[in-house]
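Nothing here was measured: the structure is a model prediction, and the numbers come from that model. Both counts, for ligands and for their atoms, begin at 1 and track the order of listing.
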Amino acid sequence: MKKLLLFLTLCFLLSCQKEGSIMVIPVKESNPEITLTIERGGKTLYVADIRLTTGGDEDYCVPLDLAHFGAGKKDVHFSGIDAAEAWKVISLSDTAPEVPVDKYRPVYHHTPPYGWMNDANGLFYKDGVYHLYYQYNPYACVWGNMHWGHSVSKDLVHWEHQPVALYRDGYGHIFSGSSVVDTDNTAGFGAGAVVSFYTSYNTEREYVQTQCLAYSLDDGLTFTKYEGNPVLVPFDGIKDFRDPKVFWYGPESKWIMIVSADKEMRFYSSKNLREWEYMSAWGEGYGVQPRQFECPDFFQLSTEEGVTKWVMIVNVNPGCYFGGSATQYFVGEFDGKTFTCDSPKEMVKWLDWGKDHYATVCFSNTGDRVIAVPWMSNWQYGAIVPTKYYRSSNAVPRQLGLFREGGEFYVSAYPVEEICALEGESKDFGPVVASGATKTVGLFDSTDGAYEIDLNIANLPSGISGLRLVNGVGDKVDLYFDSRAGRFVMDRTESGVVDFGERGTVHEIENHDNRKTLSINYKNDFALATWAPFTVKGSHTMKILYDVSSIEVFIDGGRVAMTNLVFPNLPYDTLELYSDGGRLDITSIKVTPIKP
Ligand code: FRU
């Protein structure tokens, strides 16, 4: 009798329990995608491709909150699987599934909470808050279902996740773009509205890629897609037409939009952000050839001497010297209509000499400061790096500067000064002289693998000299100067887990020093060394940011920047210095733990 009572009470309690609104979907990354739609009143509210598994062999579970669409279970439809079969493995819950800890998740770099992230996009600053949106697939750790994920920060180094800002819709995927703050209400959405531009991508339309806008009246938290979308289609039907960059051009009181159109950038202008007029095109034949242009950015920078120039960022994929994707830039003049590059067409300038620096774009509305955020991965292997519950991070935001050398203008990139807010207590290991032998400089207590190293180098020998970050199981990253060849090199061939990625194509192209370049010790797309041209000039400074699975190096205030991923089996905890004979003279080595 007692048992029966207990059973009946349990049944009663269970029947009282309300289902939550969050679909918990078991996903297996290697499964084909099936399509889920949310439909109401004959309208398609949402489309998502999910890698559902019904076999109990999921890699992880992902959430989809029906409450966001004001929808219920009955509004969800599947194609590619019987709904009853799907609901056998999908549950409805009040809470999103927990994301397991990922060994390689960085401590102080921005990452998505789970799922896949590529380009940073739509970056803007308003009322003391930096908004970082990003290309986001919430349903797998590989590319697909493009949404704009969203994070905010008051200092560019502490990031807080926000709800997804722009959902993929019936019209298409939400590709990259930019945001502006419309202080004077030129568009009519309201003074101070945040107006974001993105490419809507849909292979079933006449124009596969069109430019659309969405506006936000709550400072970028939620958006309304403009009913007059698309605001721009290509006049010649070109297929690759995307990643709109919009900015205010003060001298003519107008907005300008730059769109990457296959192998050129197209400039448009507008008075109201909604109607756009074609002005000019630039870029055909410039830089690495022939490469697909993506994710433009365009801004002014001044040298310390006060010379001001326009800088055009052109992300190319492929085209990186070391294979895959990378960020080029061009310096020149702009008259409000046309950009003219100062340098010859074949001159290539890289913003970063590593292999994991792509889709770099800058915040709008930051006054004279130009702050760039790179995606820290490469299209060659971004989807197969050995992380599991999330894929990809952003490099630390970098402040860009302009300097002149040998008659040419170059752009420097250096971590924003706000990073000092994360710094712990430094340990000083210098001065150290290495000549002919390896010197173990220090063991760091930091077991979480998150620290920065600042070096002042008084002398580099004429041969090879450098430093190695090593751990107790034989993994190492070699950072060295080859003064004779005029190179700074980062070699990650033995950095830890490197055996993923195909052996692809590394390009042999002339760099701006007219030297042929090729990656060194090339084993596959990942296991290689990257290098930058480097001329010894007496003393040098070097900053190294290490964060679990990435190394960013900045020499001489960012005149050389190099960003590479690494997947050590254990964090590197030891620093070694070496030279092949000559005197490597380092006056100070400061190691600072970085804590979020
Ligand atoms: C660059 C890019 C963009 C595009 C986005 C799609 O990485 O290819 O051109 O908008 O990714 O996710």
Side-chain angles (χ1 to χ4, degrees), residues 33 48-49 112 115-123 132-150 164-169 171-179 196-203 205 207-214 230 232 234 238-246 257-266 283 288 291-298 312-320 323-328 351-352 355-362 372-383 385 391-395 563:
E33 291 174 331
D49 297 319
W116 165 268
M117 171 176 88
N118 54 290
D119 320 357
N121 42 223
L123 313 177
L132 191 170
Y133 302 91
Y134 52 90
Q135 288 287 278
Y136 187 38
N137 182 3
Y139 309 124
C141 297
V142 291
W143 190 90
N145 293 307
M146 281 297 107
H147 293 55
W148 276 22
H150 184 202
V164 163
L166 285 171
Y167 280 75
R168 177 183 172 185
D169 54 33
Y171 193 59
H173 293 263
I174 314 292
F175 272 18
S176 277
S178 58
S179 304
S196 295
F197 294 83
Y198 60 91
T199 301
S200 175
Y201 172 85
N202 190 335
T203 49
R205 278 190 318 238
Y207 299 115
V208 174
Q209 301 182 11
T210 58
Q211 313 324 317
C212 294
L213 80 77
L232 184 65
I238 196 170
K239 193 175 112 297
D240 291 298
F241 184 65
R242 59 177 177 267
D243 308 338
K245 166 69 194 183
V246 175
M257 181 192 287
I258 306 176
V259 183
S260 56
D262 195 9
K263 293 175 183 59
E264 64 181 20
M265 295 299 184
R266 291 187 185 165
V288 165
R291 298 296 159 196
Q292 166 94 58
F293 281 15
E294 297 185 323
C295 303
D297 210 325
F298 196 58
M312 166 74 82
I313 298 276
V314 177
N315 291 280
V316 283
N317 178 34
C320 176
S325 40
T327 307
Q328 293 180 103
L351 197 53
D352 187 286
K355 199 170 168 175
D356 298 300
H357 178 282
Y358 192 56
T360 308
V361 287
C362 302
V373 180
W375 172 48
M376 197 157 54
S377 195
N378 189 305
W379 278 115
Q380 260 187 349
Y381 46 68
V385 295
R391 276 212 183 88
S392 303
S393 48
N394 295 109
T563 303

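- The salt bridge (Lys or Arg N to Asp or Glu O under 4.0 Å) check on Asp262 picks up nothing, with sequence neighbours excluded.
- Looking only at atom types and distance, the side chain of Tyr381 has a donor-acceptor partner in the side chain of Asp356 under 3.5 Å away.
- The residues lining ligand 1, counting any heavy atom closer than 4.0 Å, are Asn118, Asp119, Gln135, Trp143, Met146, Phe175, Ser176, Arg242, Asp243, Glu294, Cys295, Tyr358, Trp379.
- Taking Cys141 as the reference, Glu29, Tyr60, Arg391 meet the side chain to side chain contact (heavy atoms under 4.5 Å, CB included) condition, with sequence neighbours excluded.
- The side chain to side chain contact (heavy atoms under 4.5 Å, CB included) search around Ser377 returns Trp375, Ser392, Leu565, not counting sequence neighbours.
- The two residues Tyr198 and Leu166 come nearest to each other via the heavy atoms CD2-CD1, 4.0 Å.
- Using the six-membered ring where Trp is involved, Phe175 and Tyr201 have ring planes that are parallel, under 30° apart on the 30 and 60° scheme.
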